[in-house]
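Notes to accompany the following structure.
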Amino acid sequence: MTAAALAIAALQQATLSGVVRDSVDLEPVAYARVTVAATGAEEAAAAGVSDRYGAFVVPGAPGEGAVRVEVGAFGYAPWTRTYEALPTEPVRVLLSPAPIAVEGLEVSVAGRAGDPISRSRDAFVIDSVLLRTLPPILETDVLRATAVSPSASAPSDYTSVPFIRGGTSEGTPVLLDGVRLFNAFHLGGFLSAINAEVVERATILAGSGGDGMAIGSLSGAIDIATRDGARDEMRTAGSVGLASSRFSVEGPIGKSVSYLLDGRRTYIDVFTRALKGIGAISEHLPYFFQDLHAKVTADLGGVRRLSFSGYRNSESLQVYDPEGEVYEPEKSDTLGLSWGNSALSVHYRDKLGDKGIVDANLGHSRFTSDLIALDGRTGDTLLFGDGIMGETLADLRVTWRTGRATITGGAQATAFLGDHDYDHTDEFDSDEGFFFSPVTLKETSLRLAAHSSLEVPLQRGFSTRAGLRIDHFRRLATTLAPFAELSYAGSWWDARISASRSHQALASVRDEESLGASFLAYDLLVPVSEAPVPRNTEVTIGWEGSHAGISVRVDVYARVLDNLRLLKLGARPATGATLGDPSLWAVSSGSARGVETSWSWIDARAGVSVLGSYRWAHVLRTVDSVTFKPRFHRDHEFEMGTSYTRGVSSWSARVSLRSGQPTTPVLAVVPVGYHGRPGSDLVALGGEYNSENLPRYARIDVGWRRESQVSWFGGGSVVPYVSVANLLSLPNVVGAFVERHFTGEIRRVYVPQLPMIPFFGVEFRF
């Protein structure tokens, strides 16, 4: 083609933009595919995909003559329109939900269930419908649901926050509407702190390349997006369960503004007080948590939108240790813990010229905690402390689509504060294994970043992406983090190979080698004050295909972690404090490699869905020249969730099979006597650290739900649910120790995980 012909063809091209929404409640639909073709043409002239806010920009569309626009998304009926000429203004696409049996529990739902495997090449996406097809433990939980991804590995049944591909806990932030949420859980990590009623989707970013470049974390992220409020009418939803009650209300304000307000409150303190009153239990547990979230979204025309999202939670635990059978607070030891989390984010979006979209974000989050232990007999303070973590973020991102390439660029500024002060008095008996250790520090950090990436389609199905992130860490260093990917798209399968690097100047005082880390997930982050900056380098090879309703994805990865800040092992790592002293940090390293496989199958007519994953991985840490498997790691993990819907009832099951976690073998047990008094203690002489494994892990969870249509409050649905965790009461363990039986026998005792526990509750929507 001559230069003149190319110029004429370019002049005849135009750009189509718009927003894709659910036709029921007008919620934006992400990952919808948009194609534009000349009327009568067999092949599309241009195509694009809607982003997380439903917006799309498709350049390269025919600029002259009639055109046909087609939009499709999983769970929706296809949308087709023919125009005499390509619209110059943004179009509004309303997709009608398709009748899929596996989702029969939902009366009206935004963001219908999509395939979590193939919706994003950089991530594993779990939406609100998939959340409800998994048997709940206590209640529907977004962080627990992430464990179905082969990249996410839960360290124990007691913690809901997973590790991503053998990375570090502080290197995988949990984001709520784009803002880091510190300690995003309740009950010490057992429950997510995010109300499942408002979750639109959770995106598990396994790596730092691709979409992860804009986040700048060390080893991936869990990005949780909340729904916009309903734009058609006021709606309410909620649930009542064993642990807490949830409630949300949403609706329109005028024609262009929507609101969403939701809250949750536990009544564990009320429940246990009642049980103690009737003699069912001996001790009352004075614990509660509550959280509140609000979001307001304004549609300003076309792709323009402005949203405000706010979140606040609080939690408190008062533990008493009475001397006698009669509880007397003034004569009892008291341990008081209280903490709270807050986050605020503002997002603005607009078009930039004909082919670009600009996103601007401002956010702030803050975590506060307070700890005190009192001796009820003397009135002395034994243990005290408080802490603050805060992060402020400003982010600007531009996406520009030309006829062949997509260019993304952005700038980011992040300020962090870590202010922690925990100590104890001389009267405190600081036995090994206490959760906190004395620490006093106040550090701030500032991170300035710029990033850019380019995606270009090549010939014969090949395409490439490349990018670079530049970070300036104040008083530390300026770092470069490149990313490159080559991919191929066939008729029913895709393949890719990528390499990336990332940096992060935040580290954790959390010691994952302590046994307490399996029971309490709380973390305190501290800025790295001296070079070198922690770094992650990784390579990934991926393949995915879809045929006859079955989707399969395979990823092979290898990553090297350098300049980590980890606590030294000490003589007895398992009995050490979970939150240690950062002055005991050692500059350390790590590595991880593995193979991840995931598959899904949905038969809409039969009402059956299956989602499964298997992962083999090998993870190592090196601290002070000692190389070992970290205690949270498992070599093999298999997860499968299945759901069957018939009529108004749904049955679900989840199977987890995992290899045992590392443990240190016991070579001998030696009784050690005390000087000047009778008795002795047992000291286990261990072999090579973490060179053996605990027994294998297996758990089966089952659930049942039934939807009933009711006429209350203008009509709606009530859904009772029942679930059983660890149906067969399999004896899974999380650790081991040596003790002397009353018979004098010395034996190894395993620390169990969850026994068989039933849960029940009721969800409602009006």
Side-chain angles (χ1 to χ4, degrees), residues 101-106 109 113 116 124 126-150 152-154 156-162 185-187 189-192 194-197 199 202 204 238-244 246 598-602 607-614 637-658 697-707 717-730 732 753-764:
V102 75
E103 299 171 10
L105 292 175
E106 299 297 321
V109 64
F124 196 96
I126 296 175
D127 64 14
S128 57
V129 177
L130 178 58
L131 280 177
R132 290 175 172 82
T133 63
L134 299 172
I137 294 183
L138 205 58
E139 62 182 42
T140 303
D141 191 281
V142 60
L143 288 181
R144 284 195 176 273
T146 61
V148 301
S149 164
S153 178
S156 75
D157 289 347
Y158 301 103
T159 60
S160 59
V161 183
F185 43 76
H186 294 309
L187 278 172
F190 193 81
L191 282 179
S192 165
I194 301 162
N195 190 343
E197 299 291 343
V199 172
I204 299 94
S239 67
V240 178
L242 282 177
S244 65
R246 305 188 306 234
S598 53
W599 61 91
S600 66
W601 173 61
I602 298 176
V608 177
S609 68
V610 178
L611 175 65
S613 66
Y614 165 76
E637 293 196 38
F638 172 87
E639 295 276 346
M640 186 174 70
T642 180
S643 174
Y644 171 65
T645 300
R646 185 175 179 84
V648 296
S649 294
S650 174
W651 293 263
S652 59
R654 180 172 173 178
V655 179
S656 299
L657 303 175
R658 308 170 191 168
Y697 176 101
R699 198 182 84 207
I700 300 174
D701 304 335
V702 295
W704 170 85
R705 301 161 64 92
R706 179 181 176 85
E707 178 189 18
S717 64
V718 175
V719 183
Y721 66 86
V722 177
S723 66
V724 180
N726 196 6
L727 177 64
L728 303 180
S729 197
L730 298 172
N732 299 309
Q753 301 208 53
L754 284 183
M756 181 175 68
I757 305 178
F759 304 102
F760 58 87
V762 177
E763 295 180 354
F764 56 86

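Side-chain atoms are counted along with the backbone in the values below, which use heavy atoms only and exclude waters and symmetry mates.
Considering all non-hydrogen atoms of both residues, Ser149 and Ile204 come closest at OG-CG2, 4.3 Å. Closest non-hydrogen pair, Leu727 versus Val702, comes out as CD2-CG1, 4.0 Å. The two atoms that bring Thr140 and Arg246 nearest to each other are O-NH1, 3.5 Å, heavy atoms only. In this structure, Val148 and Glu639 approach most closely via the heavy-atom pair CA-CB, 4.4 Å. Counting all heavy atoms, side chain and backbone alike, Pro720 lies closest to Arg706 at CD-O, 2.9 Å. When all heavy atoms are compared, the tightest approach of Glu763 to Ser239 is CG-CB, 3.7 Å.
Side-chain atoms of Asn732 come within 3.5 Å of backbone atoms of Ala698 as a donor-acceptor pair (strictly under, hydrogens ignored). In this structure, Ser192 contributes its side chain and Val142 its backbone to no donor-acceptor pair below 3.5 Å. No side-chain donor-acceptor contact under 3.5 Å links Ser153 to the backbone of Pro162. No donor-acceptor distance shorter than 3.5 angstrom exists from the side chain of Thr133 to the backbone of Thr642, with no hydrogens or angles considered. Counting only distance, with no hydrogens or angles, the side chain of Arg144 and the backbone of Asp157 share a donor-acceptor pair below 3.5 Å. In this structure, Asn726 contributes its side chain and Leu754 its backbone to a donor-acceptor pair below 3.5 Å. Checked by atom type and distance alone, the side chain of Ser649 never pairs as donor or acceptor with a backbone atom of Arg646 at under 3.5 Å.
At least one side-chain heavy atom of Phe759 sits under 4.5 Å from a side-chain heavy atom of Ile137. No side-chain heavy atom of Phe185 sits less than 4.5 Å from a side-chain heavy atom of Thr159. Proximity of Thr645 to Ser650: side-chain heavy atoms (C-beta onward) are separated by under 4.5 Å at one or more points. Residues Arg699 and Leu730 form no side-chain contact, since every pair of their non-hydrogen atoms from C-beta on lies 4.5 Å or further apart.
Taken to the nearest 0.5 Å, the OG atom of Ser652 stands 13.5 Å off from the OH atom of Tyr644. Separating the CZ atom in Arg658 from the CZ atom in Phe638 is a distance of 12.0 Å, to the nearest 0.5 Å. For the atom pair Asp701 CG and Ser656 OG, the distance stands at 6.5 Å (nearest 0.5 Å). Remark: Leu611 CG to Ser598 OG distance equals 7.5 Å, nearest 0.5 Å. Rounded to the nearest 0.5 Å, atoms OH (Tyr721) and CZ (Phe760) are 9.0 Å apart.
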For this session: Any chance you could lay out the side chain to side chain contact (heavy atoms under 4.5 Å, CB included) test for Thr146 and Phe124, step after step, and finish with the verdict?
Result: CA-CA 9 Å; Thr146 61; Phe124 196 96; over 6 Å; no
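A side-chain contact (heavy atoms from CB on, under 4.5 Å) with Asp141 holds for exactly one of Ile194, Leu191, Leu134, Val199; it is Leu191.
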